[in-house]
Amino acid sequence: MSKELAKTQGGAVAETVNERPAVAPPVDIYENADEYLILADVPGVKSDAVKLHLEDGTLTLRATRGDLFDYRRQFYLPEGVDMAKAEAKLDKGVLAIHLPKAEEARPRHIPVRAG
C-alpha cells in the first residue's frame, strides 16, 4: 500500500513492511557449576544465517530459515556470565550456546585446616 493510498483511507499513514513470519524456537536451558547451556531447535537453518546479539544483559537469537520464516528468541542472562568466552555451535538443527560463568560467579570450595 502506498503512503498516498493510506492517507486517503482514514487519514492515518501506514507503510508496507516486509516483515517475515517469526517463531520462537523451543529451547532447553541447563546450568552447572561452570556454565549455562542453551539448546535451541532451529531445523533448516545454516550457521551463517544465525545471529546472536548481547546488549544490556539480554541475549537475542535470530535465525533465518530460507525463504520461509525466521526464528527469534530473547534470553535475560543472570549476572556473572563471561561473554568474552561464550561460544555457539550449530549441529544438525540444534544450536548450542555455551555461556561460561565468570570465575567470581563459580562456586568455590573452602579448605578447612586442622589446628
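Residues: numbered from 1 along the sequence shown.
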* **Option passing side chain to side chain contact (heavy atoms under 4.5 Å, CB included) with Leu54 (candidates Thr60, Leu99, Leu77)** => Leu77
* Check the hydrophobic clustering (I, L, V, M, F, W, Y; side-chain heavy atoms under 4.5 Å; chains of links allowed) and say if Phe69 and Val45 are grouped together. => yes
* Structure fact -> Closest non-hydrogen atoms of Pro100 and Ala86, given as atom of the first, atom of the second and distance, are CD-CA, 3.8 Å
* To do: Look at the side-chain heavy atoms of Ile, Leu, Val, Met, Phe, Trp and Tyr, link any pair under 4.5 Å apart, and say whether Leu37 and Ile97 land in one connected group.
  => no
* More than 12 heavy atoms of other residues, nucleotides or ligands under 6.0 Å from CZ of Arg73: is that the case? -> yes
* Asked: Do Ile38 and Tyr36 touch side chain to side chain, with heavy atoms closer than 4.5 Å?
  -> no
* Beyond-backbone contact of Leu95 with Tyr71, side-chain heavy atoms, under 4.5 angstrom -> no
* To do: Measure the NZ-CG distance between Lys92 and Asp41 for me, rounded to the nearest 0.5 Å.
  => 14.0 Å
* Identify whether Ile29 and Met83 are in the same connected component of the hydrophobic contact network (ILVMFWY, side-chain heavy atoms under 4.5 Å). => yes
* **Electrostatic pair Glu35:Lys85 at N-O distance under 4.0 angstrom** => no
* Structure fact -> The reported gap from CG in Leu90 to NZ in Lys46 (rounded to nearest 0.5 angstrom) is 11.5 Å
* Atom CG of Leu59 and atom NE2 of His53: how far apart are they, to the nearest 0.5 Å? -> 9.5 Å
* Shared hydrophobic cluster, Tyr76 / Val27 (ILVMFWY, side-chain heavy atoms < 4.5 Å) -> no
* Structure fact -> In terms of heavy-atom contacts, Pro43 and Arg65 come closest through O-CD, 3.4 Å
* Asked: Measuring from Leu52:CG to Leu61:CG, what's the distance to the nearest 0.5 Å?
  -> 5.5 Å
* Asked: Going from NZ on Lys101 to CG on Asp82, what distance comes out if it is rounded to the nearest 0.5 angstrom?
  -> 12.5 Å
